[in-house]
Every structure is written in structure tokens, then in C-alpha cells.
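Everything numeric here is computed off the predicted structure, so don't read it as measured data. We name chains A, B, ... by the order of the sequence lines, and we start the count at 1 in each one.
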Amino acid sequence: MTPETGFLFLAGGATGAIGAILGLGGGVFLVPALVLFFDVPIRAAAGAGLVAVIATSSAAAAINTGRGWVNIRLGMVLETATVAGAITGGFLAALLPARIVIGAFGTLLAAVTILLWRDKPGRGAAGDGEPKGRFIEEFHDPALGRVVRYGVRRLEAAMGTAFFAGNLSGLLGVGGGVIKVPVLHLFCGMPIKAAAATSNFMIGVTGAAGAVVYAMHGELDPALSGVVALGVLAGSTLGAKIAPRLPSRGIRRAFALLTLILAVQMLRRSLGR
Amino acid sequence: MDAEFTRSLGRILRAGVVVSGAMVLVGLVFLGPRVVTFGIYALIATPILRVAAIGAYHARKGEWSWAGICALVLAMIAASAALGVRH
């Protein structure tokens with residue numbers, strides 16, 4: 001184990017922990033960290049991000065499906081859109097110049113900064129009252145101590161968002177949940193836990209579809225991806241354990257500053273410093 | 001979708017992560033890059049297997065539209081792999 005491998009593992013661990021605390025997933029912090037601090041080319045970094053995303057998504061989904069929080073039918077339908085998007089994004093990643101991809105990532109980070117700064121919890125669906133829409137599901141929420149029933153509305157918006165999120169995933173090496181969860185929760189009427197669990201469930205195959213494209217183009221670095229994915233798995237497990245004890249608003253704003261710095265650095269890098 | 005099936009889905013996913021993670025770790029420390037690569041491919045295969053499992057479940061119950069949706073997802077991934085090879 002070289003020092004470089006050790007640092008990569010730690011970087012994975014840190015980004016995994018941060019992602020788990022913010023509910024943001026592996027790629028958003030991992031890919032900029034690899035590009036800015038380890039000088040990894042954007043495509044190899046995005047490939048590693050996808051591998052990390054598959055790992056954390058599958059690990060989380062293993063727990064969430066058992067709890068019944070995942071709306072599997074909705075997930076299957078939306079997956080047709082996310083997978084189509086991921087394949088498109090993966091091919092775009094191969095065709096577009098690196099600086100454009102880096103610039104796109106910087107833009108995503110800027111959007112995430114705004115999202116983190118303005119976090120207004122509790123404005124979305126709560127899952128009480130008569131469920132309206134399709135894919136009606138129910139689950140037991142231990143935090144509320146009751147069964148929650150909901151339906152999914154505005155399916156077209158969900159499909160469009162899923163396709164866009166898939167593109168982001170394939171192009172940038174992120175999960176795409178940062179877009180899907182707000183739309184599913186605030187716009188389509190899903191309670192936040194169901195939205196997050198369903199989004200997470202979908203991300204696994206979305207990431208896999210993108211990773212296949214990267215592997216076929218020879219842009220997947222197994223050793224890099226492997227070390228980083230192990231780190232992210234370890235870090236996100238740790239982060240998920242300590243997350244409930246942290247003050248949520250202060251944490252989100254603190255990390256908004258971090259994403260702002262990363263956004264600026266990525267944008268500068270895309271403009272040639 | 002019955003509870004027993006969703007639980008077995010959870011087990012498939014967990015097994016995939018554990019097995020591929022172990023392969024990657026063993027390859028990084030002992031056995032070399034080929035094992036690492038295989039571990040990565042096993043990880044990528046895990047969610048794809050999950051889709052196939054759901055498709056098979058619905059096909060067994062005669063729910064062909066749901067099975068068809070899973071088949072569509074698998075076909076898209078297969079097509080992208082085939083397209084990539086020709087590059």
C-alpha cells in the first residue's frame with residue numbers, strides 16, 4: 001500500500017462521510033477532490049465516482065428495500081429514463097472536451113451550493129390524508145410512529161427529471177439524487193424518506209449503466225475506482241452513523257461554503273486556471 | 001411485490017457489495033490488478049442483476065408489462081455495451 005493509495009482511500013472516506021451526512025451521495029464531492037487534489041483526469045475521476053456511487057447505492061438499498069421505503073414500481077418505471085440518460089451522458093463524456101465536463105461539474109456544484117444554503121425542510125409531502133396519484137404505496141416510519149401512505153403525481157415531471165439526472169450521472173460521475181429527491185418530494189408528492197430511498201434505489205443501475213459505457217471506452221481505472229470505492233463505503237457507513245447527532249441547518253450551511261469553493265475551483269480549472 | 005421478495009432483493013444487493021468489495025480489497029493487497037478489475041465488474045453487475053431479478057419475479061407471475069420494463073432497461077444497457085465495443 002503506497003502513500004498515494006492511502007490518501008486516495010482517505011479522500012474516499014472523507015467524501016463518503018460528508019455525502020452521507022448531507023444525503024448527497026459519493027460523486028458530488030469525490031470527483032472534484034480527485035480532479036483538484038490528485039490531478040486525476042476528469043473522465044477517470046467520473047468513472048471512479050460512478051463506481052463509488054454504485055457501491056453506496058447498493059449498500060443503502062440493501063437496507064431500504066427491507067424496510068419497505070422504496071417504491072419499487074415507480075423506481076422501475078423511472079429507471080427506463082435514468083438509464084437512457086446515463087448512457088447518453090456517458091457517451092457525451094467521451095465526446096465532449098474535458099474542460100467542458102469540468103465546467104459542467106462546477107455549474108452543478110454552484111446549484112448544489114444554493115440548494116444547501118436555502119434548505120427549507122418540511123415544505124414537501126408528509127404522507128397524511130388521502131393519497132393522490134399513482135404507484136400508491138405505504139410504509140412504516142419509525143420516526144413518526146405511524147404508517148405513511150402516499151401516491152405519486154406529475155409522473156411526466158418525474159420522468160423528465162430522471163432522464164436529466166441520468167445524464168448528469170453518466171456525464172459527471174455523480175448519483176443524480178441531488179436533483180431527483182427534491183423533485184419527487186416537493187413536486188410529485190412523495191414523503192422525503194420514500195423519495196430518498198427510491199432515488200437511491202435507482203442510482204445503482206443508473207451508475208452501472210454509465211460505468212458500462214466508461215468501461216467500454218477504456219476510461220474506467222479499476223485500481224483507482226477500487227481504492228476510492230472502498231474508502232467511500234467505509235466513510236459513508238461512518239457518516240450515516242454520526243449524521244443523526246449533528247445539527248442539520250448549521251452543517252448544511254457549512255458544507256454549502258465547501259461546495260462553493262469547489263465550484264469556483266472547478267470553474268477556474270475549466271477556464272484554464 | 002411481496003415482503004419476502006423485497007427482502008431477498010436486499011440480500012442480493014448486500015451480497016454483491018460484500019463479494020465485490022472483498023475481491024477489490026484482496027486484489028489490492030494480495031492478488032493483483034486482475035482480481036481488482038474483476039471485483040469492479042462484479043460491483044457494476046450487482047444492480048444489473050437486481051433489475052433482472054425483479055424482471056424474472058414479474059415474469060413468473062405473468063405480469064408481462066412489468067417484466068417488459070425490466071427487459072427494456074437491460075436491453076438498453078446491453079445495447080450501450082455493444083455500441084461501445086464497436087468504437
Partners passing side-chain contact (heavy atoms from CB on, under 4.5 Å) against A:Ala197 (at least two apart in sequence or in another chain): A:Asn64, A:Trp69, A:Val70
Residue list, side-chain contact (heavy atoms from CB on, under 4.5 Å) with B:Ala53, at least two apart or on another chain: B:Leu9, B:Ile12
At a heavy-atom separation under 4.5 Å, does [X] approach chain B through its side chain, its backbone, both, or neither?
X        : result
A:Leu50  : neither
A:Arg67  : neither
A:Ile203 : neither

Heavy-atom pair of closest approach, residues [X] and [Y]:
X       : Y        : result
B:Gly21 : A:Leu230 : O-CD2, 3.9 Å
A:Met76 : B:Ile69  : O-CG2, 3.5 Å
B:Val36 : A:Pro222 : CG1-O, 3.6 Å
A:Ser58 : B:Thr46  : OG-CG2, 4.4 Å
A:Thr65 : B:Gly10  : OG1-CA, 3.6 Å

Contacts of type ring-ring contact (aromatic ring centres under 6.0 Å, His included), residue B:Phe5, not counting sequence neighbours: B:Tyr57
Over 12 foreign heavy atoms within 6.0 Å of CZ, A:Phe164: no
Choice from A:Val227, A:Val205, A:Leu233 maximising heavy atom contacts with chain B below 4.5 Å: A:Val205
Chain B contacts, top residue of A:Val51, A:Thr80, A:Ile63 (heavy-atom pairs, under 4.5 Å): A:Thr80
With a 4.5 angstrom heavy-atom cut-off, is it the side chain or the backbone of [X] that approaches chain A, or both, or neither?
X       : answer
B:Leu28 : side chain
B:Leu43 : both
B:Val73 : both
B:Arg50 : side chain

At what distance, to the nearest 0.5 angstrom, does [atom1] of [X] lie from [atom2] of [Y]?
X       : Y        : atom1 : atom2 : answer
A:Ile87 : B:Leu83  : CD1   : CG    : 9.0 Å
A:Thr82 : B:Met76  : OG1   : CE    : 7.5 Å
B:Leu13 : A:Phe201 : CG    : CZ    : 7.0 Å

Neighbourhood of chain A inside residues 59-67 of chain B, taking heavy atoms under 4.5 Å as contact: B:Glu63, B:Trp66
Residues B:Val17, A:Ile54; criterion side-chain contact (heavy atoms from CB on, under 4.5 Å); working and verdict: CA-CA 9 Å; B:Val17 173; A:Ile54 296 170; over 6 Å; no
Stepwise side-chain contact (heavy atoms from CB on, under 4.5 Å) test for B:Leu72 and A:Val83: CA-CA 10 Å; B:Leu72 175 61; A:Val83 166; over 6 Å; no
Check: B:Ser80 and A:Met216 side chains under 4.5 Å, non-hydrogen atoms: no
Any donor-acceptor pair under 3.5 Å from B:Arg14 side chain to A:Ala60 backbone: no
